[in-house]
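What follows is a single structure, written as structure tokens, with notes after it.
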Amino acid sequence: MTTNKKESTETKDISFNPQAFEAKWQAKWEADKLYRAVIDESKPKHYALTMLPYPSGDLHIGHWYAMTPSDARARFMRMRGYNVMFPMGFDAFGLPAEGAAIKHNIHPKIWTYQNIERMEKQMRSMGAMFDWEREAISSDPEYYKWTQWFFIQLYKKGLAYRKKQAVDWCPKDNTTLAREQVKGENRVCDRCGTPVIKKELEQWFFKATKYADELLHFEGMDWPEYIKASQTNWIGRSEGASVIFKTEIGDSIEIFTTRPDTLWGATFMVMSPEHPLVDKITTPENAQIVSEYKAEAQKQTDIQREAKDKVKTGVFSGGYAINPVNQERIPIWVADYVLMSYGTGAIMAVPAHDQRDFEFARKFNLKVIPVIQPDGVTLNGDTMEHAYEHEGLMINSGAFNGTPATSDKGLKNPAINAVIKYLEEKEIGKHDVSYRYRDWLISRQRFWGAPIPMVHCEKHGWNPIPDDQLPVLLPDDITEWKPTGESPLKFHPTWKDSTCPICGEYAMRETDTMDTFMCSSWYHLRYLSPHNDKAPFDDAEYNYWMPVDTYTGGSEHANMHLLYFRFFHKALRDMGITEGNEPAIQLRNQGMVLSEDNSKMSKSKGNVVAPDVLVQKYGADTIRAYLMFFARWQQGAPWDSNGIEGTARWIRRVWTLFTDSASSTPTVDSAPSNSDSSLDDVKKNLRRRVHQTIKRVTHDFENFEFNTIISSLMELLNEMYKAREAGAVGTPEWNEATEIYIKMLAPVAPHIAEELWTNHLGKAYSIHQQMWPSVDESAAKDDSIEIPVQINGKVRDRIIVPADAGEEEIKSTALASETIQKYLEGKQPKKVIVAKGRLVSVVV
RNA sequence: GCCGAAGUGGCGGAAUAGGCAGACGCGCGCGACUCAAAAUCGCGUUCCUUCGGGAAUGAGGGUUCGAUUCCCUCCUUCGGCACCA
């Protein structure tokens, strides 16, 4: 490379050396505020948001994969005439900072801000159009002041509350977790993979379940199907009825059922061992076995208790309830297959029509009474071998006998519908919906998060910190970081001391901090006005930019961030802070870049691809292009370090074609006949390919099909090399092709595009302020086309016809073909089908 | 078990209002340039073949002149849920 430089000192440097201009353009764009997004009512707005990173230390290839194609699309939208905002920031609170504090005895703040500085620098090397003036960092006091303010608004609205219950606890991270942050069958911590345990603790919650039903609606949202499905599964709506059963001693037990039509078949009840009425219902004779069973249940983990293949266990309480529809006296059992965390913690058991209840009934010799009769078979409660869970007619159900029970759920099912009507008339039950979705537990027993802005007074209980005392700052003088299961803030000598906003007496601060997902639930709003100290954001900014038009990021957040983000928007809407029902219209998720051996990249395995090294070797543009090219973006693929050479070759060939002055003189030996007519054809063909490419690239950008954008540009480049060989250089068609090519290249490879445009073509700075090229439809159209001719479904020949040829013309040309005639062997075709412009199919 | 997405060369992947399967690139092979290598450039590259052709888009069936694309049954992989009443 040094030799190249020496050679080219007197003329323009034509060797490809991205290091020579990438940093230069990045600095100039920033100095010129080229990507500054300001309100401009004369243009349609486009809010392109990509998920902000945690400042973990170094940018990895996954960040590039998420961010640079998103940037390319934002740039494309900008060239299409949108006023685009593409902000960036840091989700800067979180556990790794505390891990570093423990390990290196460094304050999490110092560690975090050092990382931010390094990562900002690395991000700048991407050449993305981030508007850094809108940068927001969630651990800045000016940011978390408003995180706290939002907490208080939620509290005042009754959407934040404190409650003692059994909660998920990660023994490694030493903190509680939200239900969403516990993963999979093994119930492990989403962050560290450690199996969680249950702890009975008093914690702060957000009432997300209030929005359960609304969160199931995705109307007008262009979100991936699997994200919507995942959220729908997570919320887990079931429709049915709640019914009140009375015990013999007069207590009410409410149950939830999706099958009220089987009420007449309820032959016993089951309560969760944790149900508050268990002790009351248990008779003295049964007290011993029930308390032993409860103790046993408590010892087991959730995984043990909820294991699907587990043999059912349970004990009889000695108590009885009255089935409200037929006054039958039915025994109440206690069993751990009924969970306190779902429904009411008690069920009516219908063994004839529920497999779980059936297994239980058979084990303990309880009555089985069929109440749904399938077509053509008579069920016998004493001999049936499994529960019948399908459709049929109601039987043994008094006045309801004969009512059809279909496979429909809820009120759509005539049997369920009729019984619910009856329950409501009799006031023994009502139509009801149950969700598996839980309220969001936001307390974390950790230091590096936004302090929950509440104080507790002996006399006045919990109260929010007055707004004028916000933010509640984290102290700098903490020395002990060891996780104890309680926030390090609790052990600070003075931090927790405060006064009650009501009486002015001593009050103790809440020492827990907020789940960092709280910070990221509103960062898209802080980008609107990151330094506003009067409000979380300006209304004018909100009204112009929101909602987010395109949101990109990882799909691992399906049931976490993406659900919190929607909940938060709805809660804010109900407080009059935001407008509209959803924060983001369009969502797209990139896949994952795996390591070359197809495994997940991780520091511990040492298989991480470092973007910095690649940037040094190839330049940012090549990395950007390769990340767009090497896989379907929304799917991801294993990294291929050889593969990048192909993209690097393409970028170099782009550079060579547009900078090599020799390109204007065709080499004598390779140029074919230079007659005017053939040059005309070459020019026309070039122009056609250029305009066809605009069409394809535009379509693919709109649809996030980044890999085919690059292929199309590669093909067009190959075409241009051929046109150069044929002597097209210097013609108007060549010049047009050059301009359009660089414009289409600009979103993908912003530096080389600028260098070629401004320096080599001598066009007005900046390429990034140019409009996207428009398609000349007439130029894009083919004159003549080659279409295949099939005989009995097999391609036997290809014919060339004018593009606008009619059916008859195509047909006669096809049949006139010698090859086709040979295959026909003089026979008359039975049928000839002409698909205009596509194919001829001859049937013999 | 339920919900969702996806199965195409050695590899990443193209092509779906039904119409030339394998674009583009990697890898591989041959050639040019070179003392040599790298870089670069050119040609070839789904499989089988008796060189006429034949087979092939996870498997099997269906609709059709024609199916990677639509329908049915099944298999596999990935993601979510799961003793959820």
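Chain naming here is simple, since letters A, B, ... match the order of the sequence lines and numbering starts at 1 in each.
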Practice item. For residues A/Leu716 and A/Gln692, determine if any side-chain heavy atom of one lies less than 4.5 Å from a side-chain heavy atom of the other. Key: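 Of all side-chain heavy-atom pairs linking A/Gln692 with A/Leu716, none is under 4.5 Å.
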Review point. Would you say the side chain of A/Met348 lies within less than 4.5 Å of the side chain of A/Thr262, judging by non-hydrogen atoms?
Key: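 Side chain of A/Thr262 against side chain of A/Met348, heavy atoms only: contact under 4.5 Å found.
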Side chain of [X] - closest among [options]:
X        : options             : value
A/Glu225 : B/G4, B/C3, B/A85   : B/G4
A/Ser711 : B/A85, B/A23, B/C83 : B/A23
A/Glu715 : B/C81, B/A85, B/A23 : B/A23

Would you tabulate the nitrogen or oxygen pairs shorter than 3.5 Å linking the protein to nucleotides 63-66 of chain B?
{"residue": "B/C65", "atom": "OP1", "partner": "A/Lys831", "partner atom": "NZ", "Å": "3.3"}
{"residue": "B/C65", "atom": "O2", "partner": "A/Ser841", "partner atom": "OG", "Å": "2.6"}

Check your understanding: What orientation do A/Tyr388 and A/His353 show, parallel under 30°, tilted 30 to 60°, or perpendicular over 60°?
Key ->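 The rings of A/Tyr388 and A/His353 stand perpendicular, inter-plane angle above 60°.
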Practice item. Determine the interplanar angle of the A/Phe706 and A/Phe701 rings, folded into 0 to 90°, and report it as parallel if under 30°, tilted if 30 to 60°, perpendicular if over 60°. Key: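 Ring orientation, 0 to 90° scale: perpendicular.
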Review point. Taking atom P in both B/G22 and B/C47, what distance in whole Å separates the two?
Key: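 It comes out at 14 Å once rounded to the nearest Å.
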Checking [X] now: which residues fulfil salt bridge (charged side-chain N to carboxylate O under 4.0 Å, His left out) with it, not counting sequence neighbours?
X        : result
A/Arg796 : none
A/Asp621 : none
A/Glu809 : none
A/Arg588 : A/Asp222

Point to revise | salt bridge (Lys or Arg N to Asp or Glu O under 4.0 Å): pairs with one or both residues in residues 696-714 of chain A, sequence neighbours excluded | key: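 Output for this query lists A/Arg80-A/Glu702, A/Arg696-A/Glu715.
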Check your understanding: Who are the ring-ring contact (aromatic ring centres under 6.0 Å, His included) partners of A/Tyr435, not counting sequence neighbours?
Key ->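 Counting only residues at least two positions away or on another chain, A/Tyr435 forms no ring-ring contact (aromatic ring centres under 6.0 Å, His included).
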List every contact pair, protein side and nucleotides 51-62 of chain B side both N or O, where the distance is under 3.5 Å.
none

Using the 3.5 Å cut-off, write out each protein N or O paired with an N or O of nucleotides 13-18 of chain B and the distance between them.
{"residue": "B/G13", "atom": "OP1", "partner": "A/Gln635", "partner atom": "NE2", "Å": "2.9"}
{"residue": "B/G13", "atom": "O3'", "partner": "A/Asn707", "partner atom": "ND2", "Å": "3.0"}
{"residue": "B/A14", "atom": "OP1", "partner": "A/Arg632", "partner atom": "NE", "Å": "3.4"}
{"residue": "B/A14", "atom": "OP1", "partner": "A/Asn707", "partner atom": "ND2", "Å": "3.0"}
{"residue": "B/A14", "atom": "OP2", "partner": "A/Arg632", "partner atom": "NE", "Å": "3.0"}
{"residue": "B/A14", "atom": "OP2", "partner": "A/Arg632", "partner atom": "NH2", "Å": "2.9"}

Check your understanding: Once you round it to whole Å, what is the distance between P of B/A85 and CD of A/Glu239?
Key ->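 Spelled out: CD on A/Glu239 to P on B/A85 is 12 Å.
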Exercise for review: Figure out the CD1/P separation between A/Ile710 and B/A23, and round it to whole Å.
Suggested key: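 Nearest whole value for this atom pair: 18 Å.
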Review point. When the aromatic ring centroids of A/Phe630 and A/Tyr65 are compared, is their separation below 6.0 Å?
Key: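 Ring centres of A/Tyr65 and A/Phe630 closer than 6.0 Å.
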Under 3.5 Å, which protein N or O atoms sit close to an N or O of nucleotides 26-31 of chain B? Give each pair with its distance.
{"residue": "B/C26", "atom": "OP1", "partner": "A/Arg649", "partner atom": "NH1", "Å": "2.2"}
{"residue": "B/C26", "atom": "O2'", "partner": "A/Asp640", "partner atom": "OD2", "Å": "3.4"}

Practice item. Can you tell me which stems involve RNA chain B, if a stem is defined as three or more consecutive Watson-Crick or G-U wobble pairs, both distances under 3.5 Å? Key: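 Result, WC/G-U stems under 3.5 Å: B:1-7 with B:75-81, B:10-12 with B:24-26, B:27-32 with B:40-45, B:46-48 with B:53-55, B:58-62 with B:70-74.
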Using a cut-off of under 3.5 Å, enumerate the N/O to N/O pairs linking the protein to nucleotides 42-50 of chain B.
none

